[in-house]
There are 2 protein chains.
Amino acid sequence: MSESPVSQEPPIYRRIADGLRTRILAGELRDGDRLPGENTLMAEHAIARATARQALAVLINEGLAVPKRGSGVYVRLFKPIRRHGSRRLSREQWGQGRAIWDADTRGRPFTVDEVEIVRQPAAPDVAAALDADEVWVRRRRYLVDARPVQLASSYFPAEVVEGSAITLHDTGPGGVYARLGDLGLPPAHFTEEVRARMPRPPETDLLDLPGGTPVIEVSRTAFTASGRPVEVNRMVLDSAAYILQYDFDA
Amino acid sequence: MSESPVSQEPPIYRRIADGLRTRILAGELRDGDRLPGENTLMAEHAIARATARQALAVLINEGLAVPKRGSGVYVRLFKPIRRHGSRRLSREQWGQGRAIWDADTRGRPFTVDEVEIVRQPAAPDVAAALDADEVWVRRRRYLVDARPVQLASSYFPAEVVEGSAITLHDTGPGGVYARLGDLGLPPAHFTEEVRARMPRPPETDLLDLPGGTPVIEVSRTAFTASGRPVEVNRMVLDSAAYILQYDFDA
DNA sequence: AAGTGGTCTAGACCACTAG
DNA sequence: TAGTGGTCTAGACCACTTT
């Protein structure tokens, strides 16, 4: 080619990506619509395959498009669940035998799998947070509409919960928080730490995340009224599936 | 080459990325350390340039590495600010003439730039949230240690704040919330919506984000004691710079 | 001047999906 | 079977950083 590069404008792949992004954000291309593929872009812009791929990669990494092998690249959907940070953990929820999760999905079908319950030595940070060397861990994965949306690991001081239903698959009405209440240690205060980052391989697989999808990491510690930590819950959420809501007063 | 592909194992670029990731997460390669570059990987693994690039791109998109042109690819740093969702907005903060931001940075130097204050028609979602057609908007960018970490746009019902210091660059002691108090509309309740996504071009530039860095979107609405919405604040945070903390009771 | 990452070309073979 | 995206090779020129 040897076209004068002018070099002050963005590279070809960026200009192509910009054009497609504009059409997506303007609503001209909608959820689930098919984008022009590699071959189309090569022909339309007279570019090499790698350059066309690079343009599509921009949109994929922005989470605006999803590639489907053998089929095409498609505009991506975003239909989040609203997760209420405070309301969902009110005493009324678990005090009346309802699972916390019900507060989020409001009727939408959800399932839990990959349940694993083990007793093990606590990792340093968990040990520090719970002031315990041994912990019971409850690991699970949540799916809504058959789609995985969250990984969660709950840690409990082993000596405290040993022998309770917290170490069983079926924790009974109200779940683990109701059981902590039975033990005389009802959670009264929570603190949640929230951060976002890109997923790493095990998470990408377990949550079935396409490129360009960050995860939200929520680490929650539950305290009794006297300030004793009784649970640490580490969650990894598909960011495309969630909006977190927090309410508080001045 | 024509090596038997075996095809059941991951592609070359993935294996290389996996190896480097393991070394990073194990602490063998530390914050700021230089990774083997394209040329090194080409030589070590006898691969083409594009394949080496692809391997490094994996780590960059995971936010574990940052490329510096002309120099190399480096392991990435993560030194977040802890942002207290509730404490920072307590009445004591702005009631005593302190800027809210002080609650976050705790002495670390911060600056504000790109300040823009305009009156304009409200976008549909803001109009709905504030029940107002015209709004005053305060846009700004926050920098900590000379690094941009947050973009923020605050919206106020125009008729309410017209003529107050909220429409000026210097809002006076206690900031805009104290001024709302002066107007007889002190914020009493807040609701924050949090989500994460990959940044789009204007944000990438303004926050100077390297690849693989999601943003956290926080949309906060402030209400008076009587439930009247008086402010909508939309923030975009560099996810590598922040941990959000929320405290609440059962 | 040498080395680095950024962009791009022109091919190739593969696995997968769809009509 | 034809078309799609996924992986890979073997080159090239550029702008930038470092020495």
Side-chain angles (χ1 to χ4, degrees), chain A residues 1-18 20 32-61 64-76 201 204-205 208-212, chain B residues 1-18 20 32-61 64-76 201 204-205 208-212:
Chain A
M1 273 293 138
S2 253
E3 201 64 38
S4 91
V6 183
S7 215
Q8 214 55 346
E9 21 181 295
I12 301 174
Y13 80 93
R14 273 223 146 272
R15 292 204 301 268
I16 296 174
D18 290 348
L20 292 174
D33 280 359
R34 196 179 159 180
L35 294 178
E38 298 178 1
N39 296 328
T40 307
L41 292 177
M42 287 170 70
E44 278 183 356
H45 298 88
I47 54 174
R49 182 176 211 78
T51 307
R53 281 185 69 74
Q54 209 175 355
L56 292 171
V58 169
L59 301 174
I60 291 167
N61 284 328
L64 292 172
V66 183
K68 297 204 186 305
R69 32 171 13 145
S71 173
V73 180
Y74 297 85
V75 178
R76 184 191 207 173
T204 303
D205 290 344
D208 194 24
L209 297 174
Chain B
M1 272 293 138
S2 249
E3 201 65 36
S4 90
V6 183
S7 214
Q8 215 56 348
E9 22 181 292
I12 301 174
Y13 80 93
R14 271 221 144 275
R15 293 205 299 268
I16 296 174
D18 290 348
L20 292 174
D33 279 0
R34 195 177 161 184
L35 294 178
E38 298 178 0
N39 297 328
T40 307
L41 292 177
M42 287 169 69
E44 278 183 356
H45 298 88
I47 55 175
R49 182 177 210 76
T51 307
R53 281 186 68 74
Q54 208 174 356
L56 292 171
V58 169
L59 301 175
I60 291 166
N61 284 328
L64 292 173
V66 182
K68 297 206 186 302
R69 31 175 7 146
S71 173
V73 179
Y74 298 84
V75 178
R76 186 196 207 165
T204 304
D205 290 343
D208 193 24
L209 297 174

**Study point:** Which residue lies more 5' along DNA chain D, comparing Ala50(A) with Ser71(A) via nearest heavy atoms
**Key:** Ser71(A)
Study note, to complete from the structure: Scanning all shown strands, the Watson-Crick or wobble mate of dG19(C) with both distances under 3.5 Å is none
Practice item. Return the 5'-most residue of the pair Thr40(B), Gln54(A) with respect to DNA chain C, ranking by each residue's nearest nucleotide. Key: Thr40(B)
Check your understanding: Whole-Å distance between dC8(C) P and Leu41(A) CG?
Key -> 13 Å
Practice item. Could you please spell out the steps behind the side-chain contact (heavy atoms from CB on, under 4.5 Å) verdict for Ile12(A) and Gln54(A)? Key: CA-CA 10 Å; Ile12(A) 301 174; Gln54(A) 209 175 355; over 6 Å; no
Exercise for review: Apply side-chain contact (heavy atoms from CB on, under 4.5 Å) to the pair Leu59(B) and Leu35(B), showing each step before the final yes or no.
Suggested key: CA-CA 10 Å; Leu59(B) 301 175; Leu35(B) 294 178; 4.2 Å; yes
Study note, to complete from the structure: Residue pair Arg69(B)/Pro11(B) against DNA chain D: nearer the 5' end by closest nucleotide is Pro11(B)
Practice item. Report the C-alpha distance between Ile16(A) and Ile47(A) in whole Å, list the side-chain angles of each, state the deciding distance to 0.1 Å, and finish with yes or no for side-chain contact (heavy atoms from CB on, under 4.5 Å). Key: CA-CA 11 Å; Ile16(A) 296 174; Ile47(A) 54 174; 3.7 Å; yes
Review point. What's the shortest heavy-atom distance between Leu20(A) and Pro36(A), and which atoms?
Key: CD2-CG, 3.7 Å
Review point. Which nucleotide, dT4(D), dG6(D), dT7(C), lies nearest any side-chain atom of Tyr13(A)?
Key: dT7(C)
**Study point:** Nucleotide nearest Thr51(B) when distance is taken to its side chain, options dT7(C), dT9(D), dT7(D)
**Key:** dT9(D)
Check your understanding: How many Å lie between CD on Glu38(B) and C1' on dT7(C), as a whole number?
Key -> 11 Å
Check your understanding: Passes side-chain contact (heavy atoms from CB on, under 4.5 Å), Val66(A) versus Lys68(A)? Steps please.
Key -> CA-CA 7 Å; Val66(A) 183; Lys68(A) 297 204 186 305; 4.2 Å; yes
Review point. Which of the following nucleotides, dG5(D), dG6(C), dT4(D), is nearest to the side chain of Pro67(B)?
Key: dG6(C)
Study note, to complete from the structure: note: Arg53(B), atom CZ; dT9(D), atom P; distance rounded to Å ~ 15 Å
Review point. Looking at dG6(D), dG11(D), dT7(D), which one has an atom nearest to any side-chain atom of Arg49(B)?
Key: dG11(D)
Review point. To the nearest Å, how far apart are His45(B) NE2 and dT7(D) P?
Key: 17 Å
Review point. Over how many whole Å does the gap from Arg34(A) atom CZ to dT17(C) atom C1' extend?
Key: 10 Å
**Study point:** Between P of dT4(D) and CD1 of Ile60(A), the distance in whole Å
**Key:** 15 Å
Review point. Just to confirm, is there a sub-4.0 Å distance from OP1 or OP2 of dG3(D) to any side-chain nitrogen or oxygen of Asn39(A)?
Key: no
Review point. Contact class for Ile12(B) vs. all strands (heavy atom < 4.0 Å): base, sugar-phosphate, or nothing?
Key: sugar-phosphate
Review point. Could you give the NZ-to-C1' distance, from Lys68(B) to dG5(C), as a whole number of Å?
Key: 12 Å
Revision key, fill the gap. For Leu56(B) and Val73(B), the nearest pair of non-hydrogen atoms, with its separation, is CD1-CG2, 4.1 Å
Check your understanding: Just checking Arg14(A): base, sugar-phosphate only, or nothing, at a heavy-atom cut-off of under 4.0 Å?
Key -> nothing
Point to revise | Nucleotide of dT7(D), dG5(D), dT4(D) approaching Val73(A) most closely (side-chain heavy atoms) | key: dG5(D)
Study note, to complete from the structure: The residue, Ala48(A) or Pro36(B), whose nearest nucleotide of DNA chain C is more 5′ is Pro36(B)
Practice item. Pick base, sugar-phosphate or nothing for Ile47(B), based on heavy-atom distances below 4.0 Å to the nucleic acid. Key: sugar-phosphate
